[in-house]
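Beneath this line is the structure, given in structure tokens, with notes to follow.
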Amino acid sequence: MVDTEKFKGIMIALYAAYDDEGNVDPARVRKLARHYANKGVKGLYVGGSSGEGMLQTAAERKVVLEAVMEEVGGELTVIAHVGAASTRESVELAKHAEAAGADAISAVPAIYYRLSPASVERHWQEMIDNTTLPFIIYHIPQTTGFHLSADLLARMAAQDKVIGVKISSESTYELQQFKAIGGPDFLVLNGPDEQYLAGRSIGADGGIGGTYGVMPELFLKLESCYREGRMEEAKAWQFKINEIIQNLLSFPSLYGACKAVLKLQGVECGEPRLPLLPVPQADLGRIVLLQKQIHEYTEEALSSVKA
């Protein structure tokens, strides 16, 4: 059986890091990974939505994962998202993730085509059967168009190598149902950042999120309050986080806004890859104000830890 403890807690969905010409930049990837390791998070989810994996070639995705493993492998838990449009490419990425030393692999259903549950099951099974790594299902129906059924989840969860599901649908009821289907040892990782506390309260073992990357201290504070049973304080932190998320969502793309904020924090990741839009020059003043808000809340979170 897989020891799942290392997958519980705050796992950051790592952003893509490009150079000024838009090419994957291993040095910037390593700097970003180190930035988060220094914050005290549990691990990184590499190559998912925040990592723009679907906008990169397989070769680029391999370079990113290798840079992450070189910098924080063995220090942080690393989950490699290997989902791609074709099963063949997904298996290739899964084998590479194992060779690179990742702790687990994860995948969405294949994209673009409307697939039957049997097709998705076969897609995932090929990845599972071609490595010895634990597998985490990535359930994000709002982007893939595929809704994971209770029957398919039960069949997948019956396998020892399938250790959990990252659930990014917006229903906490569904999260609770997935946990019930998988059982107490089956990982359920919260996806909607704005509902982290709700997810934890109803059965999630931790979370993987994209907005964690601009405010890891706030999610770490929220998690500590939850673990210590200080629910009113935890709720207050979730509300502060949601203020920031609402502001981030007011920009042309979430990832463009997150990268612009991160740049002000001293970590350059380049601009998101089209069709994801960067922050327009006219909106940079709003990014400065948003970073000021994040900084103030972060200082509050850190001072309350020291107090």
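Side-chain atoms are counted along with the backbone in the values below, which use heavy atoms only and exclude waters and symmetry mates.
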Report task. Report yes if the side chains of W237 and E300 come closer than 4.5 Å at any heavy-atom pair, otherwise no. Result ->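 They are in contact (side-chain heavy atoms under 4.5 Å apart), so the answer is yes.
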Report task. Report yes if the side chains of F178 and I137 come closer than 4.5 Å at any heavy-atom pair, otherwise no. Result ->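 They are not in side-chain contact.
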Where [X] and [Y] come nearest, the two heavy atoms and their spacing:
X	Y	answer
V108	H81	N-NE2, 3.3 Å
L44	A33	CD1-CB, 3.9 Å
A234	Y226	CB-N, 4.2 Å
K42	K8	NZ-O, 2.7 Å
I79	I105	CG2-C, 4.3 Å
M215	I294	CB-CG2, 4.2 Å

Pairing of [X] and [Y] as salt bridge, 4.0 angstrom limit:
X	Y	result
E223	R227	yes
R122	E126	yes
K179	D205	yes
E98	K95	no
E271	K259	no

Is it true that a side-chain atom of [X] and a backbone atom of [Y] form a donor plus acceptor pair closer than 3.5 Å?
X	Y	value
R61	Q56	no
T172	L175	no
E66	A100	no
E89	S86	no
T298	E217	no
K166	I136	no
D193	T211	yes
D25	A17	no
Q142	S168	yes

Within a 6.0 Å radius of atom [atom1] on [X], are there more than 12 heavy atoms belonging to other residues, nucleotides or ligands?
X	atom1	answer
Q281	CD	no
E170	CD	no
K263	NZ	no
R230	CZ	yes
H147	NE2	yes
Q246	CD	no

Requested in this report: Show your working on side-chain hydrogen bond (donor to acceptor under 3.5 Å, both in side chains) between Q265 and H295 and close with a plain yes or no.
Outcome: CA-CA 9 Å; Q265 295 176 359; H295 177 73; over 6 Å; no
Under 4.5 Å between side-chain heavy atoms, hopping through other hydrophobics if needed: is there a path connecting [X] to [Y]?
X	Y	answer
L187	L152	no
F219	V72	yes
V64	Y212	yes
M54	Y18	no

Report task. Go through the steps to decide whether Y45 and S50 satisfy the test side chain to side chain contact (heavy atoms under 4.5 Å, CB included), and finish with yes or no. Result -> CA-CA 9 Å; Y45 189 88; S50 300; over 6 Å; no
Requested in this report: For L32 and Y15, run side chain to side chain contact (heavy atoms under 4.5 Å, CB included): C-alpha distance rounded to whole Å, both residues' side-chain angles, the deciding distance at 0.1 Å, then the answer.
Outcome: CA-CA 8 Å; L32 183 59; Y15 305 127; 4.1 Å; yes
Report task. Quick one: do L262 and H35 satisfy side chain to side chain contact (heavy atoms under 4.5 Å, CB included)? Show the steps, please. Result -> CA-CA 10 Å; L262 203 57; H35 174 73; 4.2 Å; yes
**Report entry** Test log, rule side chain to side chain contact (heavy atoms under 4.5 Å, CB included), inputs T144 and Y138
**Finding:** CA-CA 10 Å; T144 65; Y138 187 0; over 6 Å; no
